[in-house]
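No hydrogens, no waters, no symmetry mates; every other heavy atom, side chains included, goes into these values. Order of the sequence lines fixes the chain letters, A, B, ..., with proteins taken first and strands second; residue numbering starts at 1 for each chain. This one's a predicted model, so the numbers in the text were calculated from it and none came from an experiment.
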There are 2 protein chains.
Amino acid sequence: MPNGTTEELRRANLAAVLRLVYSSGAMSRALIGRHTGLNRSTVGSLVTTLAGLGLVGEHAADPNGRVGRPSPIVQPDPDVVAFAVNPEIDALTLAVVGLDGRVRRTVRSEYDDIPGAADAVQLAARLIAASRRELAGLRVVGVGVAVPGQVRTSDGLVRNAPHLDWHDEPFAAPLAEATGLPVRAANDAALGALAEHRFGSGRGCDHLIYLNGGASGIGGGIITGGHLLTGTAGYAGELGHVRVAGGDTTDSAGLRGTLEAEVTRAELLSVLGLARATPDELHAALLADHGPAVRAVVARQVGHLGTALATAINLLNPDVVTLGGFLAALLAHDPDALADAVNRSVLAPSSEAVRIVPAALGTDLLAIGAAGLAFEDLLADPALALA
Amino acid sequence: MPNGTTEELRRANLAAVLRLVYSSGAMSRALIGRHTGLNRSTVGSLVTTLAGLGLVGEHAADPNGRVGRPSPIVQPDPDVVAFAVNPEIDALTLAVVGLDGRVRRTVRSEYDDIPGAADAVQLAARLIAASRRELAGLRVVGVGVAVPGQVRTSDGLVRNAPHLDWHDEPFAAPLAEATGLPVRAANDAALGALAEHRFGSGRGCDHLIYLNGGASGIGGGIITGGHLLTGTAGYAGELGHVRVAGGDTTDSAGLRGTLEAEVTRAELLSVLGLARATPDELHAALLADHGPAVRAVVARQVGHLGTALATAINLLNPDVVTLGGFLAALLAHDPDALADAVNRSVLAPSSEAVRIVPAALGTDLLAIGAAGLAFEDLLADPALALA
DNA sequence: TGGTATATGTTGTGAATCACAACGAATACT
DNA sequence: AGTATTCGTTGTGATTCACAACATATACCA
């Protein structure tokens with residue numbers, strides 16, 4: 001909580017400027033002044049301070065042909081980086097992401113047997129150590145972890161990651177111990193929502209619902225009022241476990257009739273006659289095949305998806321609903337059918353302004369989201385930049 | 001948006017102090033300092049300013065027997081008031097609520113035929129004018145309206161209030177015109193959530209779900225991160241229209257299988273053999289009668305209520321779920337059954353810390369919530385206190 | 001080619017805010 | 001009655017941001 005001192009005012013202004021160039025990209029000093037409402041002299045002082053901290057750099061103005069004195073472009077320093085860790089059932093991915101939002105490198109370490117949490121921590125620590133050796137001159141801010149399961153955000157304890165068979169496994173704490181870096185962890189779909197909100201299909205929208213369909217189920221994340229909705233402990237956003245039908249099929253958490261139980265990638269692959277497929281291959285196959293069997297399965301899944309979205313829209317009144325993974329393929333296959341399904345269960349005012357769109361960020365989605373989590377402390381108080 | 005100036009800092013600190021004594025009740029200067037983290041001299045200056053604006057008063061310290069110099073008690077001025085308007089199907093209620101949170105007076109104007117929105121506006125304006133004449137020496141801040149339906153918060157347009165048969169009827173604007181006061185409007189259950197959060201069962205809890213069961217249906221409101229969740233236009237929180245079953249019964253909005261369609265006060269009255277009942281009478285009758293017919297109906301309704309709550313808990317991970325109206329009676333009738341029903345559809349981590357409790361505020365709930373809405377501008381910027 | 005208008009960074013001054021230390025005031029404890 | 005404790009008040013100082021004047025750099029126009 002900002003405690004209302006002049007010192008805190010300075011911190012808040014530094015944070016506002018850094019956050020602006022982080023989430024809106026490089027911009028001139030003059031634009032920063034217009035966005036923040038601060039005086040030119042104040043903006044100058046703040047930018048100088050941030051540059052002195054090594055967090056932003058100033059480049060020559062681009063010759064854009066406008067009248068008046070050119071304004072140097074302020075941009076976040078790409079050498080200020082965070083590590084993004086994403087353990088999955090087939091591999092652990094480590095990404096190095098700059099404060100400019102770009103992914104500098106990605107390392108993917110595949111495994112045959114799903115590791116335990118402790119082993120995954122050690123693997124991540126080794127990959128991080130190797131990256132730090134190879135990439136010289138970087139200033140590492142911290143580590144963000146995207147976990148396919150429920151994570152207690154206060155201490156990064158993985159409460160339940162069914163596909164990894166992790167239950168109440170500490171993750172952030174031992175990884176911080178092994179790397180000497182601050183580590184924060186959260187649910188993967190929640191971080192996807194954060195990334196789409198800041199850099200993807202939800203830019204400029206304060207209320208967003210993100211829903212991702214993967215091989216192992218459906219995850220969701222919610223942005224309300226421009227902030228990631230965590231709930232009291234960090235478990236919010238579980239849209240995959242919304243009840244949509246009275247059936248007996250169960251989902252990965254053992255709940256019956258939920259979205260995740262009724263809408264599955266495996267069923268789509270099955271009816272398409274595919275043994276396995278990359279996300280792009282599934283997308284293409286679904287767009288190509290409009291046979292009756294496929295149509296029937298898609299229609300049923302789209303109906304259930306619409307019911308779940310309607311529930312979420314009734315509760316949250318978002319600007320945007322972003323669909324990722326095979327849910328984006330369902331949307332592309334028949335956008336009108338999904339809209340109809342939503343409209344059958346939604347209150348008219350809540351739905352009139354909502355846009356249902358495919359995710360805009362590709363494979364880097366989780367890396368960007370997890371890095372965003374790791375940058376959060378820095379963005380909240382740039383003066384604490386260390387190491 | 002606070003624009004980071006020193007002037008804004010002062011405003012924010014004034015607002016923080018006023019908000020503190022508004023929502024936490026009268027407290028000593030020393031306590032204010034401890035809560036805000038501000039220096040004693042600063043607190044003194046802020047309190048003096050607020051007192052000069054006529055927003056707070058200082059009383060002698062209560063002799064509580066503690067060592068040290070007694071600290072004068074700062075409390076919001078009860079003569080600073082807001083009007084709370086609540087149009088319902090049988091009557092329009094006007095309440096006068098002080099900044100100290102107390103309801104000074106309530107006027108209830110009953111009607112046989114449901115009025116149109118324009119007539120209701122005129123009725124409210126007449127009641128407000130009469131109250132202003134009778135209660136001298138008041139400083140009126142504004143008007144808050146609790147509407148049983150969906151309201152666009154930006155301009156107070158009633159989008160859809162099915163029980164009043166109002167559709168896209170302006171309300172706040174004409175009432176502001178007629179009274180010369182600032183008017184803000186919102187959904188009644190959302191304001192109920194706000195009231196329970198600040199003064200009722202959800203004090204100190206940043207994440208709360210409020211669900212109210214009335215004669216005309218089920219309304220809901222959501223508090224996340226300590227703030228009322230409005231969504232992009234103000235329509236968020238419609239928990240009554242969450243799908244819970246595959247049935248064909250429809251709710252007030254024409255949606256099928258929703259909580260509001262499946263869980264009704266009318267069915268409870270019917271099985272209890274009551275033609276009509278006050279909320280208290282229904283509550284008592286339900287607690288008294290555990291016959292098989294009643295048990296069956298209650299069991300079914302509790303099951304559906306549990307499903308809806310599970311959905312909301314999975315999405316929002318709240319600290320508290322507050323039930324009002326006949327839903328509180330259902331809870332009292334068999335708390336364990338409701339807990340079991342929730343647990344059948346909820347993810348374990350999300351549910352472990354949640355408390356399901358009856359609403360703590362009684363008939364004044366909506367008056368307090370609507371007044372809170374009207375006070376919002378004042379609390380955000382006390383220096384703008386006028387007239 | 002030179003002058004003007006426009007837009008922006010920089011510098012110095014001033015006003016406002018809050019922190020801090022010293023002091024005074026009012027109560028409880030011994 | 002004296003002392004310790006708690007808290008309000010006052011005066012001083014440090015920090016921050018606003019504002020005005022000036023300097024700088026470009027586009028536009030004649």
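The distance between atom CG of A/Leu9 and atom P of C/dA19, rounded to the nearest whole Å, is 12 Å. The separation between B/Leu46 atom CG and D/dT9 atom C1' is 15 Å, rounded to whole Å. Atom P of nucleotide C/dA16 and atom CZ of B/Arg11 are separated by 14 Å, given to the nearest angstrom. Following rounding to the nearest Å, B/Arg10 (CZ) and C/dA19 (P) show an atom-to-atom distance of 11 Å. Summarising the geometry, the separation between CG on A/Leu38 and P on D/dC19 is reported as 11 Å, rounded to the nearest angstrom.
The shortest distance between the side-chain N/O atoms of A/Asn13 and the OP1/OP2 oxygens of D/dT16 is not below 4.0 Å. Under 4.0 angstrom from either OP1 or OP2 of C/dA19 there lies at least one side-chain N or O belonging to B/Thr42.
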Give me the distances for all protein-to-nucleotides 7-10 of chain C N/O pairs that come in under 3.5 Å?
| unit_1 | atom_1 | unit_2 | atom_2 | d |
| --- | --- | --- | --- | --- |
| C/dA7 | N3 | A/Arg69 | N | 3.0 |
| C/dT8 | OP1 | A/Arg34 | NH2 | 3.0 |
| C/dT8 | OP2 | A/Arg34 | NH2 | 3.0 |
| C/dT8 | O3' | A/Ser71 | OG | 3.1 |
| C/dT8 | O2 | A/Arg69 | NH1 | 3.2 |
| C/dG9 | OP1 | A/Ser71 | OG | 2.2 |
| C/dG9 | O4' | A/Arg69 | NH1 | 3.4 |
| C/dG9 | O4' | A/Arg69 | NH2 | 3.2 |
| C/dT10 | OP2 | A/Arg29 | NH1 | 2.3 |

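No hydrogens or angles considered: a donor-acceptor pair under 3.5 Å links the side chains of A/Thr232 and B/Asp319.
Annotation: salt bridge (charged side-chain N to carboxylate O under 4.0 Å, His left out) contacts of A/Glu177 (sequence neighbours excluded): none.
Note on B/Arg184 versus B/Asp377: salt bridge recorded, some NZ/NE/NH1/NH2 to OD/OE distance being below 4.0 Å. Salt bridge annotation for A/Arg203-A/Glu196: absent, with no cationic side-chain nitrogen under 4.0 angstrom from a carboxylate oxygen. Ion pair B/Arg102/B/Asp364 not flagged as a salt bridge, since none of the NZ, NE, NH1 or NH2 atoms sits closer than 4.0 Å to an Asp/Glu carboxylate oxygen.
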Next on the checklist: Please determine whether side chain to side chain donor-acceptor pair (under 3.5 Å) holds for the pair B/Arg10 and B/Ser45, giving the CA-CA distance in whole Å, both sets of side-chain angles, and the decisive distance to 0.1 Å.
Outcome noted: CA-CA 10 Å; B/Arg10 180 70 168 183; B/Ser45 164; 2.8 Å; yes
